[in-house]
Each structure stands twice: as C-alpha cells, then as structure tokens.
Number of protein chains: 2
Amino acid sequence: MPAYQRIAAAYRGMIMSGELRPDDRLPTEHEIADRFGVVRQTVRTGLGILVTEGLIVARRPHGYFVRRREHMVYRPQEKSRPRPATPEMDRFSQQIVAEGRTPHQAIEVSLVQAAPDLAQRLGIAAGETVVARRRVRFINGEPTNINDSHFPIDLVKDSEIMSPAYLPRGTDQVLADLGYRQDRAIDEIFIRMPTPEEIHRLSLGPGTPVAAHYDTGYTAAGQPVQCTLNVLPGDRHKIVFERHWQGEPAG
Amino acid sequence: MPAYQRIAAAYRGMIMSGELRPDDRLPTEHEIADRFGVVRQTVRTGLGILVTEGLIVARRPHGYFVRRREHMVYRPQEKSRPRPATPEMDRFSQQIVAEGRTPHQAIEVSLVQAAPDLAQRLGIAAGETVVARRRVRFINGEPTNINDSHFPIDLVKDSEIMSPAYLPRGTDQVLADLGYRQDRAIDEIFIRMPTPEEIHRLSLGPGTPVAAHYDTGYTAAGQPVQCTLNVLPGDRHKIVFERHWQGEPAG
C-alpha cells in the first residue's frame with residue numbers, strides 16, 4: 001500500500017476506535033512525516049483523503065482536527081410502527097424537530113422507466129413506467145440523504161402521491177387508504193461509493209461512501225406496492241435496528 | 001469534480017442501476033476518452049478506481065468488464081432465531097455449505113483493553129480487560145468478513161469462549177448456558193472506509209468501503225453481555241432485514 005494510504009488508514013483507525021475523539025488535534029504534518037519516514041507532501045496527500053471522507057478538518061494554521069460528526073440515527077423499523085391517524089409532520093420531520101434541528105425536503109414527482117434494480121423488486125418488467133417521488137432531505141439547510149420512492153403507476157395514478165406536495169401522513173398511509181396497506185417489508189443495504197447523480201444531489205465529497213438502502217413493501221397478499229431507494233452518506237448516518245430473541249423464553 | 005472521478009462515477013452509476021450487467025463489456029478507453037473529451041490516461045485513472053472498488057475487471061487485451069459479484073447475504077436477524085440444541089455447524093458455516101461453497105474460519109482469542117467504542121457499548125470503562133474472540137471468515141479460501149466478539153472477562157473466564165477452537169453451537173449459546181441468555185440486541189451499522197488492520201486482515205483494496213456492524217446483546221435484565229464488531233466489505237455483502245408492520249391489521 002502506498003505511504004499516503006497507510007497514513008490515511010492509520011488515522012482513520014484511531015478515529016473509528018475512539019482513540020482520537022472529536023475536536024482532538026492530530027500530530028503536526030512534520031511529526032507524522034517523521035513517524036512514517038516520508039516527506040510532508042505525502043502526509044498532506046494522506047490526510048487529504050480523511051478530509052474528503054469527512055473524518056477530519058484542516059484549520060490553518062492550527063493543524064488537523066477530528067471532525068465532530070452528528071450522525072443522524074436512521075431507524076428503518078420506525079416506518080412500520082403505528083403513528084397518529086392525522087399526524088402534523090412526517091416521520092423524518094418529527095425526528096429532526098425533536099432533535100432541535102430544522103428539517104426541509106425538496107420533492108419532485110416524475111414518471112420514469114423502471115431501471116432493472118427497481119423493476120425486479122416491484123415485480124414488473126424493466127422499462128415499464130413507474131411513478132418516482134424523489135426527495136432530498138435537508139437538516140439545518142444541509143443536504144442529508146436521498147429518499148426516492150417508486151410506485152407502479154396503476155396503483156397511484158389518481159392519488160396525492162402524484163402531487164409534488166409534502167404529505168404529512170406519508171405515502172405509506174396514502175397507499176393504505178388506496179387499499180394497498182403494507183404488511184411486510186424487505187430492507188436490503190448495499191455499501192458502495194456514490195454515483196455522479198448522488199454526488200450532485202447531496203453535494204458529497206467523492207470520497208464519501210454511502211449505504212444504498214432499498215425498502216420494498218408488500219401487501220398481506222404478497223404484492224409489492226412500493227420500492228424506495230434511500231441513499232445515506234456514511235459520514236452523516238448510523239443505521240440502527242433493534243432485535244428481540246425468538247424461541248425459548250429469556251432468563 | 002476532476003474528469004477521472006466523473007468517469008468513475010458515471011460507470012459506477014450504470015453498474016449500480018443494473019443498466020450494465022455482470023460480464024458486460026464497457027466501451028473502449030478510446031470511446032470513453034472521446035465521450036468525455038479527455039486523454040486516455042484520464043480514462044485509465046477513472047476506470048482504475050472502479051477496479052479498486054471491485055466493480056469491474058480489466059481483461060487485457062479485451063477491455064474492461066463488469067465483475068460478477070457474489071454478494072453474501074448477511075442477515076443479522078438469523079442470529080436471534082431458534083436453532084437445534086446441538087447443531088453440527090455454526091450459522092455462518094451452515095449458510096455457506098447450503099450455498100455449495102466451502103467455509104473456513106481463523107479464530108484467535110486474546111485479552112485486550114477495551115477501546116472506547118466497545119467499552120461504551122459493554123457498559124465498562126475504557127481500558128478495562130475484555131476477552132476478544134477475533135475471527136476472519138473465509139469462503140472458498142477468500143477472506144470475506146471480520147467478526148470480532150468481545151465479552152467482559154468476569155462473565156466468560158472459565159468457559160469455552162476462552163479457547164480459540166471452533167464452537168459449533170456458537171458463543172451466544174455458551175453465554176446462555178453460563179446464565180447470560182440474550183433477550184435483545186441493538187444493531188448499529190456505520191459506513192466508512194477500512195482501517196489498516198481491516199485492509200490487512202481481509203486483503204482489501206484500499207478503495208473498498210465497508211459496513212461496520214456493531215451487534216450488542218443484552219440479557220432480559222438489561223445487562224450487556226457481548227459486543228461484536230462485524231466488518232463487511234461492500235463489494236461482497238448485502239445486508240438484509242425483514243420487517244413486519246405493527247399496529248393495525250393488514251388488509
């Protein structure tokens with residue numbers, strides 16, 4: 001591995017394990033150069049990777065500091081829990097307001113040809129028309145994640161889902177009111193680097209990996225009625241699930 | 001964004017959406033250079049990123065091809081489902097054998113000082129001694145993921161967990177037999193680039209992002225009894241959860 005990558009990986013490891021804490025100062029470029037037996041430019045290249053990944057910030061002339069990251073806690077299970085019949089805000093807005101921050105969503109609705117990844121999950125042929133409800137979610141004015149829902153057009157063509165307005169009760173409730181109540185969902189999470197469109201929509205540094213979370217919802221009869229692709233930049237999210245042991249009683 | 005990163009991001013997007021399928025050939029370096037208005041070296045740098053990420057392979061003199069990826073389906077929920085009292089294999093080995101592939105695990109047991117990330121989850125002070133049962137799991141001889149379990153030493157010091165032998169019934173059952181049956185677990189998933197140690201243990205390309213999955217298990221009384229850090233390279237895994245809607249009946 002080249003020296004600049006060894007330097008990046010070494011400090012990444014110390015930040016990840018908690019050995020270096022938010023706002024801690026890294027050693028100087030000179031000290032790191034000595035430690036690794038390299039020139040300062042190599043140190044700068046290595047630390048530049050961590051700046052791009054969002055792990056550290058350069059505050060000239062003071063040096064490099066571990067970035068204080070506010071991970072948004074992302075809980076897919078909240079989606080399938082009961083909520084008031086006439087909520088004032090959708091779940092995302094509720095969570096962010098409860099955290100004392102300001103949510104905002106940019107929504108656009110379009111008719112698109114289903115790409116193979118979506119078509120397969122919705123049980124339709126690639127290229128068939130689906131309704132895409134595409135959102136970028138902002139916290140305190142910063143783009144935070146992507147949430148693009150897709151619906152077979154026949155299910156939703158006469159509904160509010162076709163309007164690019166904010167729906168406080170959420171699209172899951174609209175689907176339920178249309179007779180397509182979801183009973184079961186599959187969450188599939190892939191880890192990868194972002195696509196050009198994702199980089200653009202989220203103003204990402206190109207070195208920031210993302211989770212691509214497909215949420216596919218099925219009725220009790222097993223019909224897929226929506227597939228949402230959530231794109232979560234790794235420097236801003238932690239995905240959380242809670243599990244209960246099944247089978248034998250605890251004790 | 002520099003041109004080489006635009007090229008990498010563009011083809012990454014086509015592979016992710018399924019527009020380019022496994023074994024498809026990418027356009028030639030010459031064609032891509034024309035399309036983006038750059039020199040061939042820039043194309044090579046851009047595609048080199050996708051080679052490092054494990055998305056494409058270069059087969060000289062034929063060109064670049066989309067890699068056929070076998071994602072291991074990684075299901076945290078399987079951990080908390082009942083299994084036979086005297087299984088012949090642990091869950092990982094069972095799954096891999098069922099897929100017609102050959103599993104193998106390298107296990108080492110050590111006493112370590114808990115890093116802050118683990119100490120916090122186990123409810124102990126950073127630096128206290130924990131038993132680390134560190135595993136690299138192999139499929140068909142290839143390192144696939146890391147699975148490092150950590151236990152407060154007082155709970156397990158007289159048990160089989162201290163032996164670096166393979167335990168077909170699994171450490172969760174050993175804990176249960178010791179009186180620490182897990183009742184509830186929290187799964188936390190972070191998306192990031194790998195640390196130097198992870199790159200070394202998994203023979204990773206430095207451009208491959210990973211999921212760091214912390215599984216913390218609690219008894220019915222709320223005592224944390226183990227914390228496992230699973231490191232899953234993004235090019236080899238898909239994480240899957242299944243959810244059932246709660247509250248109102250479906251229909």
Side-chain angles (χ1 to χ4, degrees), chain A residues 1 5-6 8-10 12-13 16-19 21 53 71 76-77 79-82 115-117 120 126 181-199 206-207 209-212 219-220 232-234 237-248 250-251, chain B residues 1 5-6 8-10 12-13 16-19 21 53 71 76-77 79-82 115-117 120 126 181-199 206-207 209-212 219-220 232-234 237-248 250-251:
Chain A
M1 203 193 302
Q5 285 178 345
R6 275 191 291 121
R12 186 186 296 125
M16 290 308 163
S17 70
E19 210 178 310
R21 312 283 304 171
E53 288 174 16
H71 277 110
Q77 287 166 324
K79 258 194 73 119
S80 39
R81 282 183 181 142
D117 57 335
Q120 178 213 328
R181 183 181 296 286
Q182 291 166 79
D183 180 60
R184 185 172 150 266
I186 302 290
D187 295 307
E188 297 167 273
I189 300 168
F190 294 88
I191 312 306
R192 57 169 172 79
M193 303 309 287
T195 67
E197 201 201 349
E198 291 159 0
I199 291 171
V210 298
T219 63
L232 316 169
H237 293 83
K238 136 170 132 166
I239 305 172
V240 176
F241 285 86
E242 186 176 4
R243 252 186 298 132
H244 288 270
W245 247 256
Q246 297 171 10
E248 293 180 73
Chain B
M1 203 191 301
Q5 284 178 345
R6 276 191 290 120
R12 185 187 296 126
M16 288 310 163
S17 69
E19 209 178 310
R21 313 281 306 168
E53 289 175 14
H71 277 110
Q77 288 167 325
K79 259 194 72 121
S80 39
R81 282 183 182 140
D117 58 335
Q120 179 213 328
R181 181 180 298 286
Q182 291 167 79
D183 179 62
R184 184 172 152 266
I186 302 290
D187 295 306
E188 297 167 272
I189 301 168
F190 295 87
I191 312 305
R192 57 168 173 79
M193 304 308 288
T195 66
E197 201 200 350
E198 291 161 1
I199 291 171
V210 298
T219 63
L232 316 169
H237 293 84
K238 137 169 131 164
I239 305 172
V240 176
F241 285 86
E242 185 177 4
R243 252 186 299 131
H244 289 271
W245 246 257
Q246 298 171 10
E248 293 180 73

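Here CD of E19(B) is found 10.0 Å from CG of D117(A). Values are rounded to the nearest 0.5 Å. Rounded to the nearest 0.5 Å, atoms CE (M16(B)) and CD (E198(A)) are 8.5 Å apart. For the atom pair CZ of R184(B) and CD of E242(A), the computed distance is 4.5 Å after rounding to the nearest 0.5 Å. With rounding to the nearest 0.5 Å, the separation of CD1 in I189(B) from NZ in K238(A) is 11.5 Å. Atom CD1 of I239(B) is separated from atom CZ of F190(A) by 10.0 Å, given to the nearest 0.5 angstrom.
Looking at P233(A), there are no atoms closer than 4.5 Å to chain B (heavy atoms on both sides), in backbone or side chain.
With a 4.5 Å cut-off on side-chain heavy atoms, I191(A) and V210(B) do not count as touching. Contact check for M193(B) versus P209(A): side-chain heavy atoms found under the 4.5 Å cut-off.
The candidate from R192(B), R81(B), E197(B), E188(B) with the greatest count of non-hydrogen atom pairs under 4.5 Å with chain A is R192(B). Your options are A10(B), A126(B), P116(B), A211(B), and the one with the most heavy-atom pairs under 4.5 Å with chain A is P116(B). When each of R21(B), Q77(B), H237(B), K79(B) is checked for heavy-atom pairs under 4.5 Å with chain A, K79(B) comes out on top. Contact count against chain A (heavy-atom pairs under 4.5 Å) is highest for A185(B) among P76(B), A115(B), A185(B). Between chain A and the options G234(B), A8(B), A212(B), S17(B), heavy-atom pairs under 4.5 Å are most frequent for S17(B). Between chain B and the options I186(A), D187(A), V240(A), heavy-atom pairs under 4.5 Å are most frequent for D187(A).
Using modelled atom types, one side-chain atom of R12(A) and one backbone atom of P194(B) make a donor-acceptor pair closer than 3.5 Å.
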